[in-house]
Each structure stands twice: as C-alpha cells, then as structure tokens.
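Structure first, commentary second.
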Amino acid sequence: MAIQRAETADQARDTVNGWQTDGLSVGFVPTMGALHEGHLSLVRASVAECDRTVVSIYVNPTQFGPGEDLEDYPRRLERDCRAAEQAGADLAFCPADRAMYPEGYSTWVVQEGLTEVLEGEHRPTHFRGVLTVVCKLFNCVPADRAYFGQKDFQQTVVVRRMVRDLNMPVSIRVMPTVREEDGLAMSSRNAYLNEAERRQALCLYRALGEAHRLYRNGERHADALRAAMERVIAKAPLARADYVDIVDARTLRRAESADEQAVAVLAVRIGKTRLIDNHPLGEEFPEH
Ligand code: PAF
C-alpha cells in the first residue's frame, strides 16, 4: 500500500487515533531523514511487531549547536518516503519547522543527571533539543511502541528516562546498531566522509573491538580499556577523539572497573565529521 503523508500534528494524531480505535497497534520510528539501513531496520522491527508503522522525517534544528551541521544535514524527503514505504511503513509524518516550533515557541524538556556527560558535555544544548522534539513527536504520533537505534546509546538512555519520569504511555524499543560490511556503524553523517576519511573512520569500530577483546580476556580496569581504545584512535592521523570512555549503562558515569553493565563509548572527529559509536562489553562483539 502507498505510504500516507501527514504534515501537521492533527493529521498525524487523527490517523494514529483512528487505527487505535480500530484495535490496531502502532509503532513509531522517529528520524531526521537521510534514511539508511539502520533506520530501515527500525522500520522493519516495527512492521514485524505492530499493525501499523509511522516514520517521522524531521531535521530538528534545536538539537544542533552553533557551528554544527544543521545547514548541511542531508535532506531527501522523496527518497526517504519511498524507502520507508518499501520497508513497510504506513505513514510518514513530515512536519515543517513552523509546525513544530511556531513563533514564540518557549517550552523545553530538560533532563538533569544523564545529559551533562559524554555527548552532553561536548554538545551542551543537544539533549534539550532531542528530548523536546521527541516529546512533541510522541504527542503528535501517540504510538504504542517507539523504536530507537543502539548507535545513539546515550539518547536511548535519556529518552527512556524521560518516558519513565513523565509517565509517557509508550514503550521504548532499542534495536542493534547496523554496520557497513567493514564494521563502520551506519550514520547519515558517513556521507560527509571522503575516501581517506572513510578508511580511517574504521578506527571507531576497531577501538571498540580492542576494548571488547581485552575485556573478554579478563581485563577489568576501565583505565586500561580506555588507554587501549585511545591507542587505536591515535593510529588514525585524521582522527581526533572528543571522548573515549567506559561508562555504566544505567548512570552513564565513568566506570572504574568494567562489569556486565559497562559500555565502551566514543565520539571521534574524522576531519570535520563527528562520529559516535559504542559497545556494551558484556555482549558479543559484532565481528565483520
Ligand atoms: O536519532 C535521531 O535521528 C534524532 O535524534 C531524533 C530521535 C529523530 C530526534 O530528532
């Protein structure tokens, strides 16, 4: 069936409410477009688990800081709608900026405690923008389940906390990171990389692999794991780490010793492109 489109909150909500009145379950995949296999795997997961699936395509300006890539962020609405349709989505919610942030907009969702570290330390207004838009999107698309990718690990933790703290009636599903053949995590920002940068971008995956290898061999000192990851990054001359860390999955605090809850996380600039990735150390490493 051809995908439907909604451009206003009322259109999206009326469609979703109509389905739910008919007893159908609804899954929701919020995206900023430039859809790749990572996003499409979320759509497919929703299609498998829910009767109807909504994808939102909206480049949210409030989660970009000054000097970040808001202007350059890839926008391919028609292609994205076709890809979402082929993956089985029923509705694309594609609001305009003025529909999401009308003149005089002044209300924000702020989480304290989980958003000051890692991404939040380097992008201080990022999570205020993410949580605000995700909250608004959940109000526009009152789905039963919402799907997020593990690649944005901190985002999943912070969104889950918002949903719990604000009693939002949606269940959050986190799906595995989808990787390119060589292991690079799929990201809309990979499109910015030139050939040399693309090769060196693999240092993120390799650094996580090294942390995993040491952990599996019994290394539990978080400092030793951090140092090993840093050594891998240092071998890529175009790479500059914003952070390389081992954190507790629940609190996002720096771990002293790595246990089953430890997650290796990193954000690395390859040239001008900033990439993130992570690996929960207690899980199997996705060998490529
Ligand atoms: O993960 C993303 O693409 C964005 O942060 C999200 C959740 C769609 C909010 O704009």
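Numbers here are sequence positions counted from 1. All ligand and atom numbering here is 1-based and tracks the order in the structure. Only heavy atoms go into these numbers, but all of them, side chains included; no hydrogens, no water, no symmetry mates.
- Remark: Arg220 qualifies as a cation-pi partner of Tyr215 under the 6.0 Å distance and 45° angle criteria applied to the six-membered ring.
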Ligand 1: protein N/O within less than 3.5 Å of ligand N/O:
unit_1: ligand 1; atom_1: 1 (O); unit_2: Gln155; atom_2: NE2; d: 2.8
unit_1: ligand 1; atom_1: 5 (O); unit_2: Gln63; atom_2: NE2; d: 3.0
unit_1: ligand 1; atom_1: 5 (O); unit_2: Gln155; atom_2: OE1; d: 2.7
unit_1: ligand 1; atom_1: 10 (O); unit_2: Gln63; atom_2: OE1; d: 2.6

Audit row: Tyr147, Met175, side-chain contact (heavy atoms from CB on, under 4.5 Å) steps and yes/no: CA-CA 7 Å; Tyr147 294 78; Met175 308 310 287; 4.2 Å; yes

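- Ring centers of Tyr205 and Phe285: under 6.0 Å apart, within the cut-off.
- For the atom pair NE2 (His39) and NZ (Lys151), the distance works out to 8.0 Å, reported to the nearest 0.5 Å.
- Using a cut-off of 4.0 Å between Lys/Arg side-chain N and Asp/Glu carboxylate O, Arg213 and Glu210 are scored as salt-bridged.
- Under the 30°/60° scheme for interplanar angles, the aromatic rings of Trp108 and Tyr101 are found to lie parallel.
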